[in-house]
Amino acid sequence: MAISLGKLTLGRIVQAAIVALVVGVVGFAMMEALPGDAAYRIAAGRYGYDMVTGAAAEQVRSELGLDRPAAERLLTWVGQTFTFDLGQSAVTGERVGHAIDHQLGHTVELALVAVAVALLIAVPIGVLAGLRPGSLFDRISAALAIVVRAMPAFLIGIVLMLVLAVELGLVPAAGHGHGGNFVLPALTLGIVLASVLTRVVRNAVAATVASDAFQFALHKGLPMRAAFLRHGVRNAAVPVVAYLGVQMALLLEGVVVVESVFSWPGIGHALTHAIFERDVPMLQGTALTLGLMFVLLSFLADLACRALDPRLNT
Amino acid sequence: MRLPRLVGLVCLLVIAVLTILGPSLSGFDPAKQNLRAILLPPGTDGHLLGTDNLGRDIAARILGGAQITLSLAALAVASAAAFGVGLGMLAGWRGGVTDRLLGALSDAVLALPGLLLVLLLAAIRPDSWWTLYAGLALTLWVEFFRVSRARTRVLTASPAVEAARLLGLGRWHVVRRHLWPDLSLQILTLAAFGAATVVTALATLGFISVGLRPPTPEWGVMMAELLPSWREAPWAIAAPVVALAATVLSLRLAAGSEG
Amino acid sequence: MRLTVEELSVHAGSTRLVGPISLAIEAGEPLTILGETGAGKSLLAQAIMGALPEGLTAQGAITLDGRRLDTLPPRQRRALWGHEIAMLPQEPWRALDALMRSGEQVAESHAIVAGEGWKTAEARAHDALSGLGLEERAMAAWPGALSGGMAQRVAFAAATAAGAGTLLADEPTKGLDEARRDDVTALLLRYVEDGHLLLTITHDVAVARALGGKVMVLKDGEAVEHGAAAEVLHAPKSAYGQALIAADPANWPHIIPQRGGEPVLVAEGLGIARGRRLLLDGVGLSLRAGQRIAVVGESGLGKSSLLDTLAGLIPAAGGAVRRLGRGAAPFAVQKLYQDPPAAFAPRVPLAESFRDLERRHRISRAEREMLLERLGLSPGLLARRPDAVSGGELQRLALVRVLLLQPAVILADEPTSRLDPVTQRQVMEVIGAIARQSNVGLVLVTHNRTMARRWADSTLDLSDYTPLRAAG
């Protein structure tokens, strides 16, 4: 079904607004749910338990606006989320925007390398399996994909860490800074993405090769190679790209999990850290950024689909 | 039925029986510490799977974890399926405004990808089984909704249902003879995948310290606790890893189709 | 030029699917293989081409111009594709690549298969397509925007670009209405006149008649008749050949038109729209009890929408439908569908569907049994699911289901277009007879004008009611 570009864009804008709304409301609810006096807790987090005084707590209270009525704070809160005014970390006092600026770079780095790893694994295996469906290679790769897909991302991470870092000592187990630090998180995330992508590519290639259009291309006399390049690649890419939306969700979930497991200083790690520390401003900032990234990536996937398939542009 | 599916179902049955019998099967209390008997290898002093870093019986904790995990999976999936299928059939059948409103609601839930939404909701109240249940049920119903809505829409527009209407056969006939036989199989498949998602999510959140917390014998939590002991006692962390992988794999095999 | 096939058969493992068949084709004398759908006819073409699906094997000798093809290794056989032997696909709009413009799909055959430079190839493709009556606009269009007839011409040009002298056409008119069908047969005849070899596989006797040359009749995968078209089509010798030829609507007995009883369904000034587009305007129709009316017109004209409007399933865009006399009773207007299995709940035994119906309307089982017997159906069929019953039986069961309600009007939407010719004739006779005996008014939608003329008391041609023509 063809949807106009304008409608598509509007849909994604609405989605972005919903993301901001959900994040704002959750942040607020979290704030309300904090046990005891939030101001004392935060002050304790900042200065240490021994150093908390009434004055320090009051300062935090007015600084964070904790003394205003709940309804007013909810409105301000959600309003601020929409304007991307995220304030400062309740724990470190660092400006949220500033912190995210840093983390975003790390996350994007990791995601790009992981996607490259996934493509390097999934495309060759998927194409080979799809060209000969039912072959031994196809069945082995299918079984492997089923087993790997049944493994949660963090479990794959643990296994790789224990084997590559702890036992073989090939790469550092966690952290960031050296090139070697890339290996474990990028490989983990890449494998998670590839386990799904391989089968998507395989199914798309198998369906394309079996299609009447591809068979006709062969029957009219095109050699296999020319037929695959001219009538296979692009046609198989359509369902693969259409599946990108689902892959984006997997990528973002994976970013959160993998960064946390390997202490990769990106947004996902910051998010789980903020949840653990109950640092509401940081939580909002990171969740909002991840949510908007998801919307943006989904939108790019939509555009890629339309660029590939003329049927969607009518 | 294809072999992998059968294997999955048999394994699930075994897992379900073990879970229902629970920690008492091991003969130990999953919470009882014994600091003089830490990291015992499997088989020592009647500890079938050995003991953990605080001397608790691992078998008892695995079974306790199974009860927490699988009850969450069962309840979250059942609620999600009931809501999703009910609303999906309603939206597909009625169309128009009902359909658009419910569609917008499901889109709103999809605005944040699955685990992220669960994570955010779980953040409101940490270490709470019920918050996790609410978050997971909320993300899972959408898939049930979308599938039943799409199928209902196709089926109610089909010649078979049109003929049934012209023949004066009522709504009940359409639901019972046309919709349900078609939907029930797909719902079972979705339910199995959904349960696998719940089990995965719970362990993931537990492992990265934003789900249930120690001393709860949750599998992800256990792995986080036992990871530092890998060098001395690799069997200790192997237990929750195998339990988790076996459960998820069985569920996904039982689901029957690739997904 | 000459293509001979000796004792060709296709097997799946140890099961023989079709054959053994022997045939010979000479230049200028096309051969048409006639037979019911699903009888393995397509496998023959694929076996000659050397393009059988995986898991199927062919036996027998295939010789083209004195050269044995069946003994060639697969690679060398594929090298003949497009150069010496070409295959026209069943459903051209599915055989063209939806992501490449039509013209380029022909040009690439010239460039890559025939080895002309891209510049020349594009010019030759352009000439070939305009020679087939295609406009520039159609060449630049994506295949999805082409009509079935245009798509078949593009496929023809793409398949024969490298000068193949032998063409295998597998059901080339499937899904096309009569006018488009005649376009395609004309295209094939031109190919034959150029001195080429043509093998056509079809279930449509009209195609065989138009192509002439020789005809072979296939039954259960074996040839039961083989000879000159004029002979086979006029005086078939085998029982199946006779049934098949007799089943061609052109050979049906002429109907003695009847006026029917009192009016049961009247439509005046009816407008039919799909979305916002008005398809038909000013349609008038008056159906009497026991009368048969046929509605004809090209595909996409709004025939099915008209039927749905008459049934009250969709609102009219103008005018009104009135039900009169017996037609005004509840459930008095019923429908028969194009695809019989799609008209029943697919996953439950038929008996369940019938029981629900009888309970709802308090109909006795005896009535059902009486109707089954009258339509020559075994009661045992009801224990099965719809997909385990043949199309012809299922359509008759649909008729039983409808008759249980003693309707005044039955609207039939191409009820036999998915059935093979012999079954088609049986089912149409049953439907027609029931209408007369039970005094039911019948509206038949069909794309087959010959069938309409032979079967219906009167015919309504919808092409007279398209808004454009009405305005002009």
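Order of the sequence lines sets the chain letters (A, B, ...), proteins ahead of strands, with each chain counted from 1.
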If you count heavy-atom pairs within less than 4.5 Å of chain B, which of Ala16(A), Ala274(A), Ala150(A) leads? Ala150(A)
Using a 4.5 angstrom heavy-atom cutoff, name the option from Val23(A), Val261(A), Val147(A) with the most pairs to chain B. Val261(A)
Under 4.5 Å, heavy atom to heavy atom, which residues of residues 136-151 of chain B contact chain A? none
When only heavy atoms count and the cut-off is under 4.5 Å, which of residues 103-111 of chain B reach chain A? Ala108(B), Leu110(B), Ala111(B)
Using only atom types and a distance under 3.5 Å, with no angle test, would you say the side chain of Ser195(A) pairs donor to acceptor with the backbone of Val148(A)? no
Side chain of Arg199(A), backbone of Ala194(A): donor and acceptor closer than 3.5 Å? no
Check each atom of [X] against the heavy atoms of chain B and say whether the ones under 4.5 Å are side chain, backbone, both or neither.
{"X": "Leu271(A)", "value": "side chain"}
{"X": "Leu250(A)", "value": "neither"}
{"X": "Val166(A)", "value": "both"}
{"X": "Val257(A)", "value": "both"}
{"X": "Phe276(A)", "value": "both"}

Side chains of [X] and [Y]: does their closest heavy-atom pair fall under 4.5 Å?
{"X": "Met293(A)", "Y": "Thr107(A)", "value": "yes"}
{"X": "Ile146(A)", "Y": "Leu249(B)", "value": "yes"}
{"X": "Leu300(A)", "Y": "Met248(A)", "value": "no"}
{"X": "Trp235(B)", "Y": "Leu49(B)", "value": "no"}

The test is side chain to side chain contact (heavy atoms under 4.5 Å, CB included); show your working for Trp129(B) and Leu75(B) and say whether it passes. CA-CA 11 Å; Trp129(B) 190 95; Leu75(B) 206 61; 3.8 Å; yes
Partner chain A: residue of Ala122(B), Pro126(B), Pro4(B) with the largest heavy-atom pair count (under 4.5 Å): Pro126(B)
With sequence neighbours left out, the residues meeting side-chain hydrogen bond (donor to acceptor under 3.5 Å, both in side chains) with Thr272(A) are Ser260(A)
Parallel under 30°, tilted from 30 to 60°, perpendicular over 60°: which one fits the rings of His273(A) and His269(A)? tilted
Trp230(B) and Glu167(A): side chain donor to acceptor below 3.5 Å: yes
Give a yes or no on whether Tyr133(B) atom OH has more than 12 heavy-atom contacts from other residues, nucleotides or ligands under 6.0 Å away. yes
Side chains of residues 200-214 of chain B: which donor-acceptor pairs under 3.5 Å do they make with residues two or more places apart or in other chains?
residue: Thr200(B); atom: OG1; partner: Ala196(B); partner atom: O; Å: 2.7
residue: Thr204(B); atom: OG1; partner: Thr200(B); partner atom: O; Å: 2.7

Residue from Val163(A), Ile158(A), Ile156(A), Leu162(A) passing side chain to side chain contact (heavy atoms under 4.5 Å, CB included) with Leu160(A): Ile156(A)
